[in-house]
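This report refers to the structure that appears directly beneath it.
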Amino acid sequence: MPEKKIKQVLISNANIYACSKLLDFGCGTATLTIMAKQSSPEAKVTGIDIDTEILDKATKKIKEEKLDIFLLDYDGKHLPFQRNAFDRVISCLVFHHLDTDIKQTMLAEIFRVMNKDGQLLIADFGRSKSWVQRTLFNIIRGLDGFKSTDANARGLLPEMISDAGFENVAIKTRFKTMFGEVQIISGEKI
């Protein structure tokens with residue numbers, strides 16, 4: 001899995017600028033969060049996750065790197081931020097873990113907390129044109145659960161992003177991996 005390369009391309013496509021406010025949705029141990037902060041040190045970077053134990057590990061990593069990143073846990077239902085709080089929202093390999101209704105709720109919440117002219121970038125599994133990639137993803141679906149991965153396997157994530165209110169939704173890049181195709185999908189709040 002070329003996870004580091006996927007994250008680098010995701011950050012590159014996010015066009016993070018100095019003093020922008022960025023949210024890493026489902027930050028986990030903060031690998032992507034740290035990479036984003038290092039790519040634009042003046043950006044205000046926040047990571048959010050539902051797993052407090054994972055966030056403890058993320059906190060240690062951030063302290064080791066001596067970076068100013070705010071981490072927060074939440075209930076998994078509503079993002080604890082005001083409207084128009086972020087210029088950029090990024091997420092890597094999180095959405096295939098969420099059931100379809102939770103995906104829809106979180107995309108609506110991300111839209112709510114994003115500024116006008118903001119950009120969303122999600123890297124996650126999607127429907128490939130390659131039957132080999134689809135077969136590989138079905139193996140992962142068996143491990144992660146068919147219910148949560150259904151929308152990804154059917155290629156519905158771009159449509160769901162549009163349904164949440166985002167415009168100019170597009171698959172920017174595709175990565176063939178040993179676990180299936182990972183796509184970087186972008187959308188804008190206009």
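Only this structure's heavy atoms are used, side chains among them; waters, hydrogens and symmetry mates stay out. It should be emphasised that the depicted structure is a prediction, and the values quoted were computed from it without experimental measurement.
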- What do the steps show when you test Ser20 against Lys44 for side chain to side chain contact (heavy atoms under 4.5 Å, CB included), and what is the final call? CA-CA 6 Å; Ser20 62; Lys44 294 176 180 146; over 6 Å; no
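- Asp144 is listed as a side-chain neighbour of His97, based on a closest heavy-atom distance under 4.5 Å.
- Contact between Gly28 and Ala58 at its shortest, heavy atoms only, is O-CB, 3.5 Å.
- Looking only at side-chain heavy atoms (C-beta outward), Phe175 and Thr173 come within less than 4.5 Å of each other.
- For the side-chain hydrogen bond (donor to acceptor under 3.5 Å, both in side chains) test, no residue two or more places apart in sequence or in another chain qualifies with Gln133.
- With sequence neighbours left out, Phe111 forms a ring-ring contact (aromatic ring centres under 6.0 Å, His included) with Phe166.
- Both Val113 and Val94 are assigned to one and the same hydrophobic cluster, defined by single-linkage of ILVMFWY side chains at heavy-atom distances under 4.5 Å.
- Test Ile122, Thr46, Ile48 against Phe25 for side chain to side chain contact (heavy atoms under 4.5 Å, CB included) and you get one pass: Ile48.
- Within a 6.0 Å sphere centred on NZ of Lys61, other residues, nucleotides and ligands contribute more than 12 heavy atoms.
- Under a hydrophobic-cluster definition in which Ile, Leu, Val, Met, Phe, Trp and Tyr are linked whenever side-chain heavy atoms come within less than 4.5 Å, directly or via other members, Leu22 and Tyr17 are assigned to different clusters.
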- Message: Quick one, Asp24 with Thr33, criterion side-chain hydrogen bond (donor to acceptor under 3.5 Å, both in side chains). Give me CA distance, side-chain angles, the key distance, then yes/no.
- Response: CA-CA 6 Å; Asp24 181 1; Thr33 323; 2.6 Å; yes
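- The OG1 atom of Thr177 sits 7.0 Å away from the CG atom of Leu136 when rounded to the nearest 0.5 Å.
- Remark: the backbone N or O of Glu188 is not paired with any side-chain donor or acceptor of Asn168 at under 3.5 angstrom.
- Lys103 meets the side-chain hydrogen bond (donor to acceptor under 3.5 Å, both in side chains) test with Asn152; sequence neighbours excluded.
- The shortest heavy-atom contact between Lys7 and Leu32 is CB-CD1, 3.8 Å.
- Here Glu181 pairs with Ser128, Arg174, Gln183 under the side-chain hydrogen bond (donor to acceptor under 3.5 Å, both in side chains) rule; sequence neighbours left out.
- Under the 4.5 Å side-chain criterion, counting only non-hydrogen atoms from C-beta, Leu93 is in contact with Val182.
- Under the 4.5 Å side-chain contact rule for hydrophobic residues, Ile190 and Ile161 do not share a cluster.
- Contact check for Pro158 versus Ile171: side-chain heavy atoms found under the 4.5 Å cut-off.
- Within the 4.5 Å cutoff, no side-chain heavy atoms of Lys172 are placed close to those of Ile185.
- Ser40 places no side-chain N or O within 3.5 Å of a backbone atom of Lys37 that could act as its donor or acceptor partner.
- Looking only at distances, a side-chain donor or acceptor of Asp49 sits under 3.5 Å from a matching main-chain atom of Asp51.
- Across all their heavy atoms, Ser91 and Leu10 have their closest contact at O-CD2, 3.8 Å.
- The main-chain N or O of Gly145 is found under 3.5 Å from a side-chain atom of Thr149 such that the two form a donor-acceptor pair.
- Under the 4.5 Å side-chain heavy-atom criterion for ILVMFWY residues, no single connected hydrophobic cluster contains both Leu23 and Ile54.
- Of the possible polar contacts, one joining the Ser148 side chain to the His96 backbone as a donor-acceptor pair under 3.5 Å is found.
- Leu120 places a side-chain heavy atom less than 4.5 Å from the side chain of Ile110.
- A distance of 10.5 Å separates CD in Glu53 from CG in Leu55, rounded to the nearest 0.5 Å.
- The same ILVMFWY cluster, assembled from side-chain heavy atoms under 4.5 Å apart, contains both Ile34 and Leu121.
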- Task: Evaluate the criterion side chain to side chain contact (heavy atoms under 4.5 Å, CB included) for residue pair Met160 and Thr100; output intermediate values, then yes/no.
- Result: CA-CA 9 Å; Met160 293 173 75; Thr100 300; 3.9 Å; yes
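- Contact check for Asn13 versus Val9: side-chain heavy atoms found under the 4.5 Å cut-off.
- The distance from atom SG of Cys19 to atom CG of Asp87, rounded to the nearest 0.5 Å, is 10.0 Å.
- Here the shortest heavy-atom pairing between Ser39 and Ile16 reads OG-CD1, 4.1 Å.
- Shown here for Asn115 and Ala85, the closest heavy-atom pair between the two residues is OD1-N, 4.0 Å.
- A donor-acceptor contact shorter than 3.5 Å is absent between the side chain of Lys21 and the backbone of Val45.
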Less than 3.5 Å apart, which donor and acceptor atoms pair up between the side chains of residues 64-82 and the rest of the protein, not counting sequence neighbours?
from: Glu65; atom 1: OE1; to: Gln38; atom 2: NE2; distance (Å): 3.1
from: Asp75; atom 1: OD1; to: Lys77; atom 2: N; distance (Å): 2.7
from: Asp75; atom 1: OD1; to: His78; atom 2: N; distance (Å): 3.0

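- Minimum heavy-atom separation, Glu42 to Ala18: CB-CB, 3.7 Å.
- Among residue pairs with one or both ends in residues 150-161, those qualifying as salt bridge (charged side-chain N to carboxylate O under 4.0 Å, His left out) are Arg141-Asp150, Asp150-Arg154; sequence neighbours excluded.
- When atom types are taken as modelled, the side chain of Ser12 and the backbone of Gln8 share no donor-acceptor pair closer than 3.5 angstrom.
- For the atom pair CG (Leu156) and OG (Ser162), the distance works out to 11.5 Å, reported to the nearest 0.5 Å.
- The side-chain heavy atoms of Asn84 and Lys116, taken from C-beta on, include no pair separated by under 4.5 Å.
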